[in-house]
Amino acid sequence: MQRVLEQAGQMGRLVDDLLYIARSSAGVASPHRKPVALAALVEQVCDDARVIAGQHEIVISCRIEASDHFILGDEGRLRQLMLILLENAVRYSRPSG
């Protein structure tokens, strides 16, 4: 049942992404750009990815110094991008990696 829920969540995200791309191409949607605290975002994404990695006996280490660096971007899309990268790293790593 857990696997079915995960797959449903992934399919929902894919549909949302396709809709976003279609709307962007039509000029209807645009990213919500605002200042994003980069260090805090990376830390949050690492925390989220640790849950996924723990299920595969993989450890995610995040060493980021506290900073007040901001970037202008869509926080939700940046979070999604970083999480996809970490999910792929977990998927293609060996257990205990």
Side-chain angles (χ1 to χ4, degrees):
M1 185 56 100
Q2 180 66 28
R3 184 71 178 144
V4 171
L5 289 173
E6 289 173 7
Q7 291 293 323
Q10 289 176 350
M11 293 301 285
R13 286 190 298 273
L14 286 173
V15 169
D16 288 343
D17 291 344
L18 290 172
L19 286 171
Y20 180 79
I21 290 168
R23 289 179 183 137
S24 293
S25 296
V28 177
S30 62
H32 302 288
R33 291 189 179 129
K34 64 177 188 175
V36 177
L38 189 57
L41 179 62
V42 169
E43 190 70 45
Q44 291 168 1
V45 170
C46 286
D47 287 344
D48 292 344
R50 283 186 184 106
V51 174
I52 298 164
Q55 297 170 352
H56 298 279
E57 299 177 18
I58 294 172
V59 175
I60 292 182
S61 176
C62 180
R63 286 177 269 164
I64 190 162
E65 295 181 23
S67 70
D68 54 356
H69 295 288
F70 286 83
I71 59 172
L72 187 62
D74 185 322
E75 185 173 359
R77 293 292 170 188
L78 289 167
R79 178 186 305 278
Q80 181 182 28
L81 169 68
M82 290 180 198
L83 194 54
I84 287 170
L85 291 172
L86 287 173
E87 285 175 344
N88 284 336
V90 167
R91 182 176 296 132
Y92 296 107
S93 293
R94 290 175 294 204
S96 302

Colleague: If we only count heavy atoms from C-beta on, is the Ile71 to Pro35 side-chain gap below 4.5 Å?
Modeller: no
Colleague: If you count the non-hydrogen atoms of other residues, nucleotides and ligands that lie under 6.0 Å from CZ in Arg33, is the total more than 12?
Modeller: no
Colleague: Are Val59 and Leu86 connected in the hydrophobic side-chain network, where two residues link if heavy atoms are under 4.5 Å apart?
Modeller: no
Colleague: Just verifying a value: how many Å separate Ile84 CD1 and Arg79 CZ, rounded to the nearest 0.5 Å?
Modeller: 13.0 Å
Colleague: Are Met82 and Ile64 connected into the same hydrophobic cluster when the rule is that any two of I, L, V, M, F, W, Y join if their side-chain heavy atoms are below 4.5 Å apart?
Modeller: yes
Colleague: Indicate the atoms forming the closest heavy-atom contact of Val36 with Gly73, along with that distance.
Modeller: CG2-O, 3.6 Å
Colleague: Can you see which heavy atom on Leu83 is nearest to which on Val45, and at what distance?
Modeller: N-CG1, 3.8 Å
Colleague: Where is the tightest heavy-atom contact between Cys62 and Val42, given as atom of each residue plus distance?
Modeller: SG-CG1, 3.9 Å
Colleague: Determine, step by step, whether Asp47 and Arg50 satisfy the side chain to side chain contact (heavy atoms under 4.5 Å, CB included) criterion, reporting the C-alpha distance in whole Å, the side-chain angles of both residues, the deciding distance to 0.1 Å, and the verdict.
Modeller: CA-CA 5 Å; Asp47 287 344; Arg50 283 186 184 106; 2.6 Å; yes
Colleague: As an exercise, state the distance from NZ of Lys34 to CZ of Phe70, rounded to the nearest 0.5 Å.
Modeller: 10.5 Å
Colleague: I'd like to know if Leu85 and Leu38 are part of one continuous hydrophobic network [Ile/Leu/Val/Met/Phe/Trp/Tyr, side-chain heavy atoms within less than 4.5 Å].
Modeller: no
Colleague: State yes or no: do Leu81 and Leu41 share one hydrophobic cluster built from I, L, V, M, F, W and Y residues joined by side-chain heavy-atom distances below 4.5 Å, directly or via other members?
Modeller: no
Colleague: Under 4.0 Å between a Lys/Arg side-chain N and an Asp/Glu carboxylate O for Arg91 and Glu87?
Modeller: no
